[in-house]
Amino acid sequence: MGMNRRDFLKLSAGSGLLLASDVSPSFAATPHLPPNAVGILYDATLCIGCKSCMVNCKKYNSVEGGAVYQKDGTIPYEHITPNRIYDAPADLSSKTLNIIKTYKSGTGVNKDSETDGYSFVKMHCLHCIEPACASVCPVGALRKSSHDGVVSYDSKKCIGCRYCQIACPFGIPKFEWENATPSIVKCQLCHHRFKDNGYSACCEFCPTGASIFGKVVDLREEAKRRLTLTPGTYYDYPLQTVGSSATMPTKVTPYYDHVYGLEEAGGTQYLLMAGVSFDKLGFNPNITSQAYPELTWDYIVKIPWLIGALVVAGAVSHLVTRDKSEK
Ligand code: SF4
Ligand code: SF4
Ligand code: SF4
């Protein structure tokens, strides 16, 4: 006999594991792109690998440590203590919500080329239109906003089961193993800055327009327009936001003929463009246009021992650590 999501939730609630839960599968409420959905367009052909986006992500999300490159003090950010040593993080972690990585082939001298070339790629939560992470979260700690589509996290609800880590097709959510009261950590698009007309810090402090913020419908149009540009000509690339009057005329580099995120995993609010194919940039070529929530749930319910182990371990661990921290 199979077990569906409802059965699982009843079972979990009946066993007392979801006592403080607000059980509501958030993906069901927003199956399509919300009308005011916001996101980011990253264009690797404009990226110079300066990592200003990483520095300012840490600054505005208060995740210092385990981070930021820079040994020689060449980036004068006021929050960087002059004599402090910073390391380059190798990947996303509980301290790094946004990372710039580098692809290289052969001699690695030609920017945005697969032949003897290299390319940068910026990785963080893609804010899926149908987020698998939120769909499997048994307590509604991860939610997709029906207004702007941001997938946000509430540590007060989280029981630490780490389903979201298993479910995310992009390997984004990280767990604070180092913390006595661990939380899940991932990019939330700097949504805490929206109320003051702010937006994602990685876009605000990107000097070349490689990362721009805006409404997803506008970002999609901008991305599609870029695919029609003639290589070698100049285009006024907007800085910071998609509708910005501040632009930087830049010579157009040949694009790989695809905008990542238009379709992948049912579509995402983070879109990417590059001069090389996305499998070279570390994206799993097996990710299709099919949305993941039901896929993931079907997979997870086939291994009930995992469900039981994760939920029990997560709930107990969470209660123990929370009790300790409250003493
Ligand atoms: S990329 Fe992963 S963590 Fe981000 S919304 Fe999609 S499923 Fe959730
Ligand atoms: S660890 Fe579990 S409870 Fe916490 S956000 Fe992830 S799926 Fe939800
Ligand atoms: S700030 Fe902009 S140019 Fe610099 S690494 Fe980040 S995306 Fe690339």
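All ligand and atom numbering here is 1-based and tracks the order in the structure. Given the structure is predicted, the values throughout are model-derived calculations rather than measurements.
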Would you mind running through ligand 1 and noting each atom that sits below 4.0 Å from a heavy atom of [X]?
X	value
V151	5 (S)
A132	7 (S)
P173	3 (S)
P131	5 (S)
K186	3 (S)
F170	1 (S)

Would you say [X] and [Y] make side-chain contact, with heavy atoms under 4.5 Å?
X	Y	result
K122	C53	yes
P34	H147	no
R220	L33	yes
V121	I100	no
T96	K58	yes

Pair [X] + [Y]: ring centers closer than 6.0 Å:
X	Y	answer
F205	Y60	yes
F194	Y199	no
F278	Y103	no

Can you tell me which residue and heavy atom of the protein come closest to [atom], and the distance to 0.1 Å?
atom	value
atom 4 (Fe) of ligand 2	C158 SG, 2.3 Å
atom 8 (Fe) of ligand 2	C137 SG, 2.3 Å
atom 6 (Fe) of ligand 1	C128 SG, 2.3 Å
atom 2 (Fe) of ligand 1	C168 SG, 2.3 Å

**OP:** With E114 as reference, evaluate S119, S277, S105 under the side chain to side chain donor-acceptor pair (under 3.5 Å) test and give the passing residue.
**Re:** S277
Give a yes or no answer on whether the side chain of [X] reaches the backbone of [Y] with a donor-acceptor pair at less than 3.5 Å.
X	Y	result
K111	I48	no
T208	L46	yes
Y153	I184	yes
K95	L92	no

Just jot down the ligand 2 atoms closer than 4.0 angstrom to any heavy atom of [X], in number order.
X	value
V139	3 (S)
Y163	7 (S)
R162	1 (S), 2 (Fe)
L142	5 (S)
I184	1 (S), 6 (Fe)
C164	1 (S), 5 (S), 6 (Fe), 7 (S)

With heavy-atom distances below 4.0 Å as the criterion, list the atoms of ligand 3 near [X].
X	value
P207	1 (S)
Y42	7 (S)
T208	3 (S)

Taking NZ, NE, NH1 and NH2 as the nitrogens, is one of them in [X] or [Y] under 4.0 Å from a carboxylate oxygen of the other?
X	Y	value
E204	R193	yes
E221	R225	no
D148	K215	no
D154	R143	no

Subject >> Neighbouring protein N, O or S atoms of atom 6 (Fe) of ligand 3 [cut-off: under 2.8 Å, no waters] >> reply: C53 SG
**OP:** Could you tell me whether A141 approaches ligand 2 through its side chain, its backbone, both or neither, with non-hydrogen atoms closer than 4.0 Å?
**Re:** side chain
Original post:
Is it the side chain (CB and beyond), the backbone, both or neither of H127 that lies under 4.0 Å from ligand 1, heavy atoms counted?
Top reply: backbone
Original post:
Out of curiosity, is Y153 lining ligand 2, as in a heavy atom under 4.0 Å away?
Top reply: yes
